> 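What follows is a structure written as structure tokens; I'll ask about it next.
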Amino acid sequence: MQIYADNAATTKTSRTAIDAMLPYFDQVYGNPSSLHHVGQAAAEALVKARQDIADCLGCEAREIYITSGGSEADNQALRSAAYYGAKKGKKHIISTAFEHHAILHTLKQLEEEGFEVTLLDVHETGRITAQEVADAIRPDTCLVSVIFANNEIGTIEPIAEIGAVCREKGVLFHTDAVQAVGHVAVDVKAMNIDMLSLSAHKFHGPKGIGVLYVRKGVLLRSLINGGAQERNKRAGTENLPAIVGMAAALKEACANLDKNAAYLISLRDRLIEGLSQIPHSVLNGERTERLPGNVHFCFEGIEGESLLLLLDAKGICASSGSACTSGSLDPSHVLLAIGRPHEIAHGSLRLTLSEENTPEEVEYMIQTIPEVVAYLRSMSPVWRDLQEGRRTYVIQ
Ligand SMILES: *Cc1c(COP(=O)(O)O)cnc(C)c1O
């Protein structure tokens, strides 16, 4: 059996998205900035795609800025808020310790440039509270940026409450919603979100395309300068096939949101139940306030990397956490942020499901993963020490 259970890393581009894109390579191939009819056909498609995306987020088309993906949207949001904040003498930014690296590494750069960053601690549940954000806000705070749903452990943050706090205190609020959009309900107006990042390849759209939503009235600074595209905020000829594919994928995801979520939650909960039977295992992240397709465990006494290789050999594509940290020997900053000690943070497994996964696949994983964990433990000196009482279990 071949199972793709790494949908938080990327998703398969849907048939709907591919079919929507194809005409924009060789039929409607004009440059939307051209005045002739070939260009104008492309411009019309761009208008429509932008409107479709706006409708899914509950905003206006002119509040949608196309980017090359989630990373660029995150970089632009932070840099822009920092730039305009500094102009008013506000150089303090609040975020969390378990953001995506597109946020954390940009914040690190901003720190080097003289900004002060407060990273809020995350509870063991993988959540922060709006009150903690409120308590951290200072008169010189120019931005709060909190991930909507964590890409490793899948926990969903209280975004509407945080949005309300920020709006009340007059501080800009950005959220990296790359894992959330297309999977859980997102309404930028109702949630008082000023800026939001999304990425098409996380909801069955193409790779290399995304959006930064910016509420009208919020100043936005360009990262890429050149032509007048994206209302002068992001230069470069539009990647129209990708934009159309993104809009088609988002429209489909939003139309089926409840149905897909219900299906995924049933698969997720069955998988969690099955894997919880493994001795000395722990589910990471809150049990219910988590993405419909996210399952994330730590298993004591094994190495996540070896687990992944053996699972791959058995046809299961999984991840130890985020794609960005694989290859490095450091344990995931997300797991450390929720208080998992190093020795168990290394033994992590993330399974992220999509609508394409089946109950049969879940049963196969429930049968296979405990066998592989047991096999790895049988060869592990750490496990032997635990069993023979020379070490104490971290996970009871
Ligand atoms: C995937 C991801 C990103 C990066 O998006 P790209 O389009 O791959 O640049 C940023 N934030 C989160 C939470 C993600 O999951």
Side-chain angles (χ1 to χ4, degrees), residues 4-13 17 53 64-79 95-109 119 122 126-128 145-157 159 162 174-184 186 193 195-213 223-224 234 236 239 242-243 245-247 249-250 253 284-285 289-296 318-327 332-335 337-338 348 350-354:
Y4 184 74
D6 198 13
N7 286 278
T10 196
T11 58
K12 175 169 155 184
T13 312
I53 295 166
I64 298 294
Y65 295 87
I66 307 293
T67 67
S68 65
S71 300
E72 184 187 324
D74 283 347
N75 275 256
Q76 188 173 15
L78 265 48
R79 290 229 152 252
S95 188
T96 78
F98 81 155
E99 298 294 313
H100 188 273
H101 284 131
I103 297 288
L104 289 179
H105 292 172
T106 305
L107 290 175
K108 188 119 211 84
Q109 272 193 341
L119 293 184
V122 183
R127 299 188 91 218
I128 62 162
S145 180
V146 176
I147 193 164
F148 199 121
N150 186 269
N151 48 299
E152 292 189 35
I153 60 174
T155 43
I156 300 170
E157 301 304 313
I159 292 300
I162 298 170
H174 166 258
T175 181
D176 174 341
V178 172
Q179 291 289 335
V181 170
H183 303 282
V184 294
V186 174
I193 296 167
M195 294 192 277
L196 171 145
S197 307
L198 67 83
S199 177
H201 75 100
K202 302 292 176 73
F203 51 77
H204 303 284
K207 293 166 188 40
I209 197 81
V211 159
L212 178 61
Y213 152 79
L223 272 189
I224 299 175
R234 205 271 184 174
N239 184 351
I243 295 169
M246 167 164 66
L250 186 56
N284 293 307
E289 289 299 311
R290 69 189 299 134
L291 289 169
N294 179 290
V295 174
H296 194 298
S319 159
S320 61
S322 98
C324 319
T325 46
S326 57
S332 143
H333 69 285
V334 171
L335 293 179
I338 62 165
S348 62
R350 181 185 72 183
L351 299 162
T352 43
L353 309 172
S354 86

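Counting starts at 1 for both ligands and their atoms, in listed order. Only a predicted model underlies this, so the values are computations on that prediction, with no experimental measurement involved. Hydrogens, waters and symmetry mates play no part in the numbers below; they use all other heavy atoms, side chains included.
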> Run through Leu104, Leu119, Asn151, Ile147 and flag the one making a side chain to side chain contact (heavy atoms under 4.5 Å, CB included) with Phe98.
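Answer to the side chain to side chain contact (heavy atoms under 4.5 Å, CB included) test with Phe98 among Leu104, Leu119, Asn151, Ile147: Ile147.
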> Which of these, Asp74, Leu196, Val186, Val181, sits in a side chain to side chain contact (heavy atoms under 4.5 Å, CB included) with Thr175?
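Of the listed options, the one satisfying the test is Leu196.
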> Please verify whether a non-hydrogen atom of His101 lies at under 4.0 Å from ligand 1.
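Distance cut 4.0 Å: His101 fails for ligand 1.
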> Please identify which atoms of ligand 1 are closer than 4.0 Å to at least one heavy atom of Gly69.
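Result: 7 (O).
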> Considering heavy atoms of the protein only, find what lies nearest to atom 3 (C) of ligand 1 and give residue, atom and distance to 0.1 Å.
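Residue, atom and distance for the closest contact: His100 NE2, 3.5 Å.
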> Ser145 and Ser95: which non-hydrogen atoms are nearest, and at how many Å?
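Heavy-atom minimum between the residues: O-OG, 2.8 Å.
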> Tell me the protein heavy atom at minimum distance from atom 1 (C) of ligand 1, and give that distance in Å.
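That would be Lys202 NZ, 1.5 Å.
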> What's the shortest heavy-atom distance between Thr11 and Gly205, and which atoms?
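Closest approach of Thr11 to Gly205: OG1-N, 4.4 Å.
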> Of the backbone atoms (N, CA, C, O) and the side-chain heavy atoms from C-beta on, which set of His201 has a member under 4.0 Å from an atom of ligand 1: side chain, backbone, both, or neither?
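It is the side chain that gets close, since no backbone atom is under 4.0 Å.
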> For residues Phe148 and Ile156, determine if any side-chain heavy atom of one lies less than 4.5 Å from a side-chain heavy atom of the other.
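Answer yes - side chains close enough.
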> If you have a sec, work out which protein heavy atom is nearest atom 9 (O) of ligand 1 and how many Å separate them, to one decimal?
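Scanning the protein heavy atoms, the shortest distance from atom 9 (O) of ligand 1 goes to Ser71 OG, 2.7 Å.
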> Which residue and non-hydrogen atom of the protein lie closest to atom 7 (O) of ligand 1, and at what distance in Å?
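Looking at atom 7 (O) of ligand 1, the protein heavy atom closest to it is Ser199 OG, 2.6 Å.
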> Could you tell me the residue and atom name of the protein heavy atom closest to atom 6 (P) of ligand 1, and the distance to it rounded to 0.1 Å?
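Answer for atom 6 (P) of ligand 1: Gly70 N, 3.4 Å.
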> Below 4.0 angstrom from a heavy atom of Asp176, which ligand 1 atoms are there? Numbered from 1 as shown, please.
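Selected atoms, number and element: 10 (C), 11 (N), 12 (C), 13 (C).
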> What's the spacing between Asn294 CG and Arg350 CZ if we round to 0.5 Å?
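Asn294 atom CG to Arg350 atom CZ measures 7.5 Å (nearest 0.5 Å).
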> Going by the atom numbers of ligand 1, which of them fall below 4.0 Å from some non-hydrogen atom of Ile147?
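Numbered from 1, ligand 1 contributes 13 (C).
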> So, Gln179 side chain and Ala8 main chain: donor-acceptor pair closer than 3.5 Å or not?
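Such a contact is found between Gln179 side chain and Ala8 backbone.
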